[in-house]
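What follows is a single structure, written as structure tokens, with notes after it.
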Amino acid sequence: MTQLSSYDSILVAENFDTTNTNADKSCLYYKGKPLLAFGQNINLFDTTFSFRYDPNGSYQNFHRQGITDYLSLDDFYSTKLSTGTIDGAMYFTTDKQKRIFKLNISFNIDAELVDTSGMEIMNYLHDKYFPCLPPDFKGKQVFELTHKNFVEQFRLYPSPDSADVEHGFKPHWSLDYSLRPTKKNGL
């Protein structure tokens, strides 16, 4: 039995198929177009999309071995609407060839989603970021979109326990989005 390197072990644990070259585009949009295809090289991002190395990422200790964590706080994923604000932070990880094999976004939504303001926020999330979100997503609060080689997961939930008015925190909603492989690695 062959011993895997720590680099290969990570890719196997993450189920990243390194032999896959034709992944579908994700539902995540950036300026009117899909931001990425799963397994895409980060050099193919829109040149205006901003991101940087994340020294606090999941694989920070494996950077020298080829696994790199990134963080994006690109202004496109944050906005102020008449009924509230949306602030997004994106975290993604690449292999030695700079192919994305893991991606998570957390959106903090500073708005009440139970009335008409929720309609504006949900429409904005659908129209600008995720055109695949179904019309009943706000009610279901969970959605999964399965592709041939990856799955996109959405979870919307209230965060009432975050209320600490003395320190500037108040109840809000969160939308978590993740993109993960579905197949075993081709190693």
Side-chain angles (χ1 to χ4, degrees), residues 5-18 20-21 23-81 84-111 121 124-125 127-133 145 147 149-157 159 162 167-169 172-181 185:
S5 69
S6 55
Y7 170 81
D8 290 334
S9 295
I10 290 169
L11 298 181
V12 168
E14 293 287 352
N15 294 328
F16 182 53
D17 184 354
T18 58
N20 180 33
T21 57
D24 296 332
K25 296 276 186 187
S26 72
C27 175
L28 174 64
Y29 271 52
Y30 181 76
K31 298 184 178 178
K33 297 186 293 193
L35 176 65
L36 60 101
F38 185 73
Q40 165 186 309
N41 186 298
I42 61 173
N43 293 331
L44 297 176
F45 277 143
D46 181 304
T47 58
T48 62
F49 176 68
S50 65
F51 61 95
R52 63 176 172 82
Y53 169 71
D54 183 1
N56 299 314
S58 302
Y59 294 110
Q60 64 181 336
N61 296 329
F62 295 93
H63 179 65
R64 287 195 167 95
Q65 295 176 29
I67 303 292
T68 307
D69 292 308
Y70 293 92
L71 164 67
S72 174
L73 300 173
D74 193 288
D75 290 342
F76 181 77
Y77 293 111
S78 295
T79 192
K80 182 174 173 61
L81 302 170
T85 60
I86 300 171
D87 290 307
M90 181 186 305
Y91 307 90
F92 57 96
T93 306
T94 63
D95 69 356
K96 286 179 183 176
Q97 283 78 40
K98 296 189 178 206
R99 296 175 296 190
I100 299 164
F101 67 86
K102 184 177 180 180
L103 182 137
N104 296 291
I105 302 178
S106 288
F107 289 98
N108 285 326
I109 302 168
D110 184 10
I121 297 287
Y124 193 88
L125 289 168
D127 295 347
K128 295 292 182 184
Y129 304 145
F130 302 109
C132 67
L133 281 177
L145 185 60
H147 302 267
N149 298 305
F150 67 99
V151 63
E152 297 176 90
Q153 296 174 318
F154 301 83
R155 183 171 162 254
L156 179 70
Y157 56 94
S159 298
S162 64
H167 295 97
F169 297 105
H172 64 278
W173 285 75
S174 295
L175 171 61
D176 291 340
Y177 167 78
S178 65
L179 189 129
R180 301 209 186 282
N185 195 297

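Below, all heavy atoms of this structure are taken into account, side chains as well, without hydrogens, waters or symmetry copies.
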- Quick one: closest heavy-atom pair of Phe154 and Cys27, and the distance? CZ-SG, 4.3 Å
Find the distance between [atom1] ([X]) and [atom2] ([Y]) and round it off to the nearest 0.5 Å.
{"X": "Asp176", "Y": "Phe107", "atom1": "CG", "atom2": "CZ", "answer": "10.0 Å"}
{"X": "Ser178", "Y": "Leu103", "atom1": "OG", "atom2": "CG", "answer": "8.5 Å"}
{"X": "Phe92", "Y": "Leu71", "atom1": "CZ", "atom2": "CG", "answer": "8.5 Å"}
{"X": "Ile105", "Y": "Leu28", "atom1": "CD1", "atom2": "CG", "answer": "4.5 Å"}
{"X": "Leu156", "Y": "Ile121", "atom1": "CG", "atom2": "CD1", "answer": "10.5 Å"}

- Does the side chain of Glu152 come within less than 4.5 Å of Leu179's, by heavy atoms? yes
- Message: Let's go through Phe49 and Leu36 carefully: what are the C-alpha distance in whole Å and the side-chain angles of both, what is the deciding distance for side-chain contact (heavy atoms from CB on, under 4.5 Å) to 0.1 Å, and is it a yes or a no?
- Response: CA-CA 11 Å; Phe49 176 68; Leu36 60 101; over 6 Å; no
- Query: Between the side chain of Ser78 and the main-chain N/O of Gly88, is any donor-acceptor distance below 3.5 Å?
  - Reply: yes
- Task: Could you tell me whether the side chain of Ser72 and the main chain of Ser50 form a donor-acceptor pair under 3.5 Å?
- Result: yes
With [X], which residues qualify under side chain to side chain donor-acceptor pair (under 3.5 Å), at least two apart?
{"X": "Thr93", "value": "Asp69"}
{"X": "Thr94", "value": "none"}
{"X": "Arg180", "value": "Asn104"}

- Any side-chain hydrogen bond (donor to acceptor under 3.5 Å, both in side chains) pairs touching residues 29-45, not counting sequence neighbours? Tyr30-Thr48, Tyr30-Asp74, Lys31-Thr48, Asn41-Asn43
- Can Tyr70 and Ile100 be said to form a side-chain contact (heavy atoms from CB on, under 4.5 Å), step by step? CA-CA 10 Å; Tyr70 293 92; Ile100 299 164; over 6 Å; no
- Contacts of type side chain to side chain contact (heavy atoms under 4.5 Å, CB included), residue Thr79, not counting sequence neighbours: Leu81, Ile86, Tyr124, Tyr129
- Quick one: do Phe38 and His147 satisfy side-chain contact (heavy atoms from CB on, under 4.5 Å)? Show the steps, please. CA-CA 10 Å; Phe38 185 73; His147 302 267; over 6 Å; no
- Message: Students often mix this up, so state it plainly: with edges at 30° and 60°, are the rings of Phe130 and Tyr177 parallel, tilted or perpendicular?
- Response: tilted
- Message: Using side-chain contact (heavy atoms from CB on, under 4.5 Å), reason through Lys98 and Thr68 one step at a time and then give a plain yes or no.
- Response: CA-CA 8 Å; Lys98 296 189 178 206; Thr68 307; over 6 Å; no
Would you be so kind as to tabulate the donor-acceptor pairs closer than 3.5 Å made by side chains of residues 53-60, with sequence neighbours excluded?
from, atom 1, to, atom 2, distance (Å)
Asp54, OD1, Asn56, N, 3.0
Tyr59, OH, Glu14, OE2, 2.4

